[in-house]
Structure formats: structure tokens, C-alpha cells
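Every heavy atom of this structure was used, including side-chain atoms; hydrogens, water molecules and symmetry mates were not. Just so you know, residue 1 is the first one in the sequence shown, and it goes up from there.
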Amino acid sequence: MSAQPEYAPTPPAAPAPTAAADLLARLRADRRAEQWVPAFERDWAQALEDSRHSYSLTPLHDVVRAWQARLAAAPAVDAFLASGMDDSDGVALEDILGARS
């Protein structure tokens with residue numbers, strides 16, 4: 001009897017070779033470009049360094065997928081913020097992590 005599953009989950013498809021450039025163009029066109037472009041470039045630089053050390057494109061693919069998800073979720077976040085719904089019941093991350101004194 002094997003402890004291995006009968007099937008392995010299929011890994012996500014690799015982004016297109018131009019996905020990062022297309023994503024950066026979309027970020028530059030967004031109203032949040034002033035904040036998002038430097039953050040994407042920082043994430044991309046770190047992933048590129050990780051890829052150089054690991055000889056794997058996975059870190060670069062992960063950055064592209066994460067930023068694609070952020071862009072896809074942005075309209076829903078904007079709609080929530082514009083709706084005026086009360087989000088005061090949230091908990092500050094610093095409180096959860098114990099960073100506040």
C-alpha cells in the first residue's frame with residue numbers, strides 16, 4: 001500500500017512570457033500606479049534574485065500571479081470602500097502580531 005496519493009494536483013499553468021511586461025503596463029495605467037509600480041518592481045527584483053539562486057522560474061511566476069490577483073480584486077475593494085459599509089470591526093495586524101507596545 002502506497003502512502004502517495006493516486007493523483008497529484010495539477011500545478012497552475014505558467015504565465016505567458018510577456019505576462020510581466022503586460023502586467024507592468026496595466027499597473028502603470030492604474031490610478032494607484034504611484035504606489036503599485038514600485039511595489040511590483042521590488043517584488044519582481046526579489047523574485048529575480050530568488051530565481052537566480054534556485055534556477056527556477058517559480059518565484060517569477062508567483063509574483064505575476066499575485067499581482068494579477070491584486071489587479072483583479074481592485075474593483076471589488078474599491079466598490080466595498082465606496083459603499084460606506086462599516087469596517088470598524090476589523091483588527092489591526094499589529095495587534096494580532098503583537099507589534100504594538
Side-chain angles (χ1 to χ4, degrees):
M1 184 174 236
S2 174
Q4 298 294 324
E6 291 182 17
Y7 62 91
T10 306
T18 60
D22 296 341
L23 184 58
L24 187 55
R26 288 179 54 203
L27 289 172
R28 287 185 174 140
D30 194 272
R31 66 178 178 81
R32 303 168 194 86
E34 186 176 310
Q35 298 155 342
W36 281 13
V37 170
F40 172 79
E41 289 172 343
R42 182 182 58 246
D43 291 352
W44 184 258
Q46 182 61 50
L48 190 59
E49 191 62 29
D50 293 346
S51 288
R52 286 182 182 139
H53 291 287
S54 66
Y55 299 104
S56 170
L57 295 175
T58 300
L60 298 170
H61 295 170
D62 290 344
V63 168
V64 169
R65 285 187 196 104
W67 278 95
Q68 286 173 333
R70 284 185 183 117
L71 270 177
V77 172
D78 290 341
F80 175 78
L81 294 174
S83 71
M85 296 182 80
D86 181 22
D87 64 346
S88 63
D89 62 340
V91 178
L93 182 61
E94 294 84 9
D95 292 340
I96 295 170
L97 298 175
R100 287 189 182 169
S101 299

Sequence-distant partners of A66, side chain to side chain contact (heavy atoms under 4.5 Å, CB included), two or more places apart: R70

Side-chain heavy atoms of W44 within contact of L24, under 4.5 Å: no

Pairs flagged by salt bridge (Lys or Arg N to Asp or Glu O under 4.0 Å) wherever residues 48-57 is involved - sequence neighbours left out: E49-R52

Those residues that, when tested against T58, pass side-chain hydrogen bond (donor to acceptor under 3.5 Å, both in side chains) (two or more places apart): S56

Single-linkage hydrophobic cluster, 4.5 Å side-chain cutoff, L48 and L27 together: yes

Set of residues satisfying side chain to side chain contact (heavy atoms under 4.5 Å, CB included) with respect to R32, sequence neighbours excluded: D30, Q35, W36, A74, D78

Atom pair OG (S51) and CG (L57), whose distance is rounded to the nearest 0.5 Å: 6.0 Å

Remaining members of the apolar cluster that contains Y55, side-chain heavy atoms under 4.5 Å: none

Nearest heavy-atom neighbours spanning R65 and A14: NH2-CA, 3.8 Å

Taking every non-hydrogen atom, the tightest pair across V64 and A19: CG1-CB, 3.9 Å

Residues that A39 engages under side chain to side chain contact (heavy atoms under 4.5 Å, CB included), provided they are two or more places apart: R42, W67

Results of side-chain hydrogen bond (donor to acceptor under 3.5 Å, both in side chains) for D22 - residues two or more places apart only: T18

Value rounded to 0.5 Å, distance of NE2 in H61 from CD in Q68: 10.5 Å

